[in-house]
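Comments concern the structure below.
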Amino acid sequence: MTASHRLFARQLAKATSSFGHLDLELLGELVSATYEDADRDRRRIDRATTLMAAELAELAQRRELLVDQLSMQSHRLEAALENMSQGLCMVDSTGNLTVYNRNFADMFLIAPDACAPGASHFDLLSHSPVFEDARSGTIQRYATEYFLMACSSRRTSLQQVWFDGRVMSICHQPLPTGGFIETFEDVTELRQADARIAHMALHDPLTDLPNRVLLYQHLQEALAEQTRAGCALLYVDLDRFKTVNDTLGHAIGDALLQQVGQRLCEQVRAQDTVARLGGDEFALLVRSCAGHQQIAAFANRLIHSISQPYHLGGHEVMLGASIGIATAPQDSVEPGELLKFADLALYSAKSGGRGQYCFFESKMEQSMRERHVLELELRKAITREEFELHYQPFINLNPRRINGFEALLRWRSPTRGVIAPDEFIPLAEELGLIVPIGEWVLRQACRHAREWAESIRVAVNLSPVQFHRSDLVAAVRRALNESGLSPHRLELEVTESLMLENTDEVLMTLHQLRALGVSIAMDDFGTGYSSLSYLTMFPFDRIKIDRAFTTGIEQRPESLAVIRAVTGMCASLGIVSTAEGVETEGQLGMLDSERCDEVQGYLFSRPKPRCDMEVLLASWSTADHAERDMSAETASGGCTASTDDSLSRKFCEARTEAESRET
């Protein structure tokens, strides 16, 4: 019997009374209720089925999305593995390879199909060309180092240089579940870059010689060895390099420094060090020196080698060298002190005339301390205006009169008294302080000259430094404008050495100064680097013959010959000739006979302060009147005394009077 039959039987039983009568109405209600329940159940089932189908569809959609995401993640992971710069492998707890990338196979020179997951990691690498040559002790050592690391249960890093020269950085990371992950990075280029950076930090980029830092390290090592022979430190400075650099250009200058470095290296042994300290300064550390005599001979060889001609860019270049030497253990066993002492010795060699070597002496340190004190005082002197100008006259010979005065700088220090220019001018030039000092001299000299007669000029000396480190033309223009002095009354004196330094720039500045209306004189002509070509490069207004020729004119015929040649040349070129350093009547007479235009010297006057100019000018005015009176007497036949004798006597009396007042 089916379930529906049993249900109908129960409904008939309920609709039949106890007397056996069937209640059809009740039976109909029971059957109807049964159909309603069934319908509700069916609808619930339908709803449940619909909901289940929707849930299944959503689950299927989520599954597809998850599969897509997992696939994308897999592709991304695969792309990341294949495109990462490191090689990577994952090994399970049994030692089998589970994950790897192509770089891993490439780094170990293994075919990609040999790295199939499940392959033994150790067997795979054991057959790699990187480790397979067991006959090589080095490679065997590398293999042992690597496999020991791979067995480690801690995070480990290792760098190895492989057989083909590659430098590999290996990182081993154990996994909590057993096994490990390893990354392999080729750091060859990084190591090479580090090596280049380290090399650059210790070497000069132009010459590739050790720099000051590496020299100091080598010096420390040499002193730590404490060998019986000791060592020597030589500082080498090139003479006239700046001139070459300025005239021929920095490219030639750089090539010249490279060749100098090569020549120095040719003179030393393998155990010695040649370094470039910067600019045109080199240093040599010589180990195991026998003594001063051996070092002196070595220094002479260096100077001779450097002084040989250089051929660069179609130019023949000549250099010189000055060398300062400090030795250990005689001078010191401290690296810093030896460096300082060698520098002091170099300064002394350069001050002594260049082209020579000089050993350190203890007195040099004291001299440098005194120089430092002088430098500090000199800087203060500028702000305190401790400078003053003295003046020495130019005497015209025919007729005899004062043509002008040369302004000469003096430093009146409150602690040292009056300091001569040769004691502080070189220091001021070296420090660049000559620029503000020179501008002060220009302003003062122009202002003082305004107090003199219109026919009297003032001459101001210019330093080569002023041509290169200041706007000299603007400074001269300001001095003239502020003082109101006529430009033709200002004469600027330059030295011959200036013409050696960047001639084009110097000539341009000289022409700009001439355009202001001032005159230009060449000072100390005939000494140092005299060249007649200078007189064709620029039309100088005046040539000053150096005192060295004037002093020897009475004893040395060659001095007289030089003066005769210079005065004759000046006369031909229309240039005024002025002789410096005239101290005797004999010198004056010979200069007059050689047709020298002007003279200057102690015979007429020492440099005197501004306040004495009025007395000096008045004495010459008196002498001038006396000359006219004497000429009148001679014309009338009343007196035959020499005009020159009268002038000399009058001037000597005036000079004696002025000097007694000064005393």
Side-chain angles (χ1 to χ4, degrees), residues 391-408 449 452-462 486-496 510 514 517-527 530 532 534-536 538-554 559-605 607 616-617 620-621 623-624 627 631 642-645 647-648 650-651:
Y391 295 94
Q392 188 175 34
F394 297 112
I395 308 300
N396 189 76
L397 290 184
N398 294 296
R400 299 281 176 88
R401 66 170 182 266
I402 293 180
N403 279 353
F405 293 95
E406 179 179 4
L408 300 169
W452 309 331
E454 186 68 23
S455 60
I456 296 178
R457 74 181 190 275
V458 64
V460 175
N461 291 279
L462 295 181
S486 299
H488 74 273
R489 296 183 59 197
L490 175 62
E491 183 173 85
L492 302 175
E493 296 186 6
V494 299
T495 59
E496 289 180 296
L510 289 175
R514 171 68 65 74
V518 303
S519 56
I520 309 294
M522 180 181 284
D523 195 11
D524 300 331
F525 187 78
T527 61
S530 298
L532 296 180
Y534 300 154
L535 304 182
T536 61
F538 183 81
F540 288 93
D541 299 288
R542 189 178 312 276
I543 295 296
K544 298 188 71 176
I545 303 170
D546 189 73
R547 65 180 63 251
F549 299 104
T550 304
T551 302
I553 194 173
E554 296 177 283
S559 294
L560 179 61
V562 170
I563 291 176
R564 180 179 297 125
V566 174
T567 55
M569 177 186 62
C570 288
S572 300
L573 296 175
I575 300 175
V576 177
S577 58
T578 301
E580 298 179 296
V582 179
E583 297 183 357
T584 68
E585 292 286 351
Q587 294 169 354
L588 178 62
M590 296 181 75
L591 289 168
D592 195 6
S593 66
E594 296 300 332
R595 301 183 180 277
C596 186
D597 298 310
E598 281 186 346
V599 293
Q600 179 184 13
Y602 286 178
L603 176 63
F604 301 99
S605 176
L616 185 60
L617 289 170
W620 272 85
S621 177
D624 188 41
E627 181 181 2
S631 298
S642 166
T643 300
D644 286 349
D645 290 345
L647 274 175
S648 297
K650 289 285 188 181
F651 186 77

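Hydrogens, waters and symmetry mates are skipped; everything else that's a heavy atom, side chains included, is used.
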If you take all heavy atoms of [X] and [Y], which pair is closest and at what distance?
{"X": "Thr550", "Y": "Leu591", "answer": "CG2-CD1, 4.1 Å"}
{"X": "Ser577", "Y": "Asp597", "answer": "N-OD2, 2.9 Å"}
{"X": "Ser486", "Y": "Glu454", "answer": "OG-OE2, 3.4 Å"}
{"X": "Gly404", "Y": "Ile456", "answer": "CA-CG2, 3.4 Å"}
{"X": "Asp541", "Y": "Ser519", "answer": "OD2-CA, 3.2 Å"}
{"X": "Arg489", "Y": "Trp452", "answer": "NH2-O, 3.6 Å"}

- Task: Give a yes or no answer on whether the side chain of Arg514 reaches the backbone of Phe538 with a donor-acceptor pair at less than 3.5 Å.
- Result: no
- Message: Using only atom types and a distance under 3.5 Å, with no angle test, would you say the side chain of Asp523 pairs donor to acceptor with the backbone of Glu493?
- Response: no
Are any of the side-chain heavy atoms of [X] and [Y] separated by less than 4.5 Å?
{"X": "Ile543", "Y": "Val576", "result": "no"}
{"X": "Asn403", "Y": "Arg457", "result": "yes"}
{"X": "Ile545", "Y": "Thr578", "result": "no"}
{"X": "Pro393", "Y": "Gln600", "result": "no"}
{"X": "Thr495", "Y": "Leu462", "result": "no"}
{"X": "Asn396", "Y": "Ile402", "result": "no"}
{"X": "Asp546", "Y": "Glu580", "result": "yes"}
{"X": "Glu554", "Y": "Thr584", "result": "yes"}

- Message: Quick test of your reading: applying side-chain hydrogen bond (donor to acceptor under 3.5 Å, both in side chains), list the pairs with at least one residue in residues 562-574, sequence neighbours left out, ordered by first then second residue.
- Response: Arg564-Glu594
- Query: Checking side-chain contact (heavy atoms from CB on, under 4.5 Å) against Asn461, which of Leu492, Leu408, Val494 comes through?
  - Reply: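 Single side-chain contact (heavy atoms from CB on, under 4.5 Å) partner of Asn461 among Leu492, Leu408, Val494: Leu408.
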I'd like to know if [X] and [Y] make a salt bridge, using a cut-off of under 4.0 Å between side-chain N and carboxylate O.
{"X": "Glu406", "Y": "Lys544", "answer": "yes"}
{"X": "Glu598", "Y": "Arg542", "answer": "yes"}
{"X": "Asp592", "Y": "Arg400", "answer": "yes"}

- When rounded to the nearest 0.5 angstrom, what is the spacing between CZ in Phe549 and CG in Leu560?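 So the gap between those two atoms works out to 12.0 Å.
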- First locate atom SG of Cys570, then atom CZ of Phe540, and finally report the distance between them rounded to the nearest 0.5 Å. 11.5 Å
- Could you walk me through whether Glu491 and Val518 pass the side-chain contact (heavy atoms from CB on, under 4.5 Å) test, one step at a time? CA-CA 6 Å; Glu491 183 173 85; Val518 303; over 6 Å; no
- Task: Check the pair Phe394, Val599 against side-chain contact (heavy atoms from CB on, under 4.5 Å), reporting the backbone distance first and the verdict last.
- Result: CA-CA 6 Å; Phe394 297 112; Val599 293; over 6 Å; no
- Taking the six-membered ring for Trp, are the ring centroids of Tyr602 and Phe604 within less than 6.0 Å of each other? no
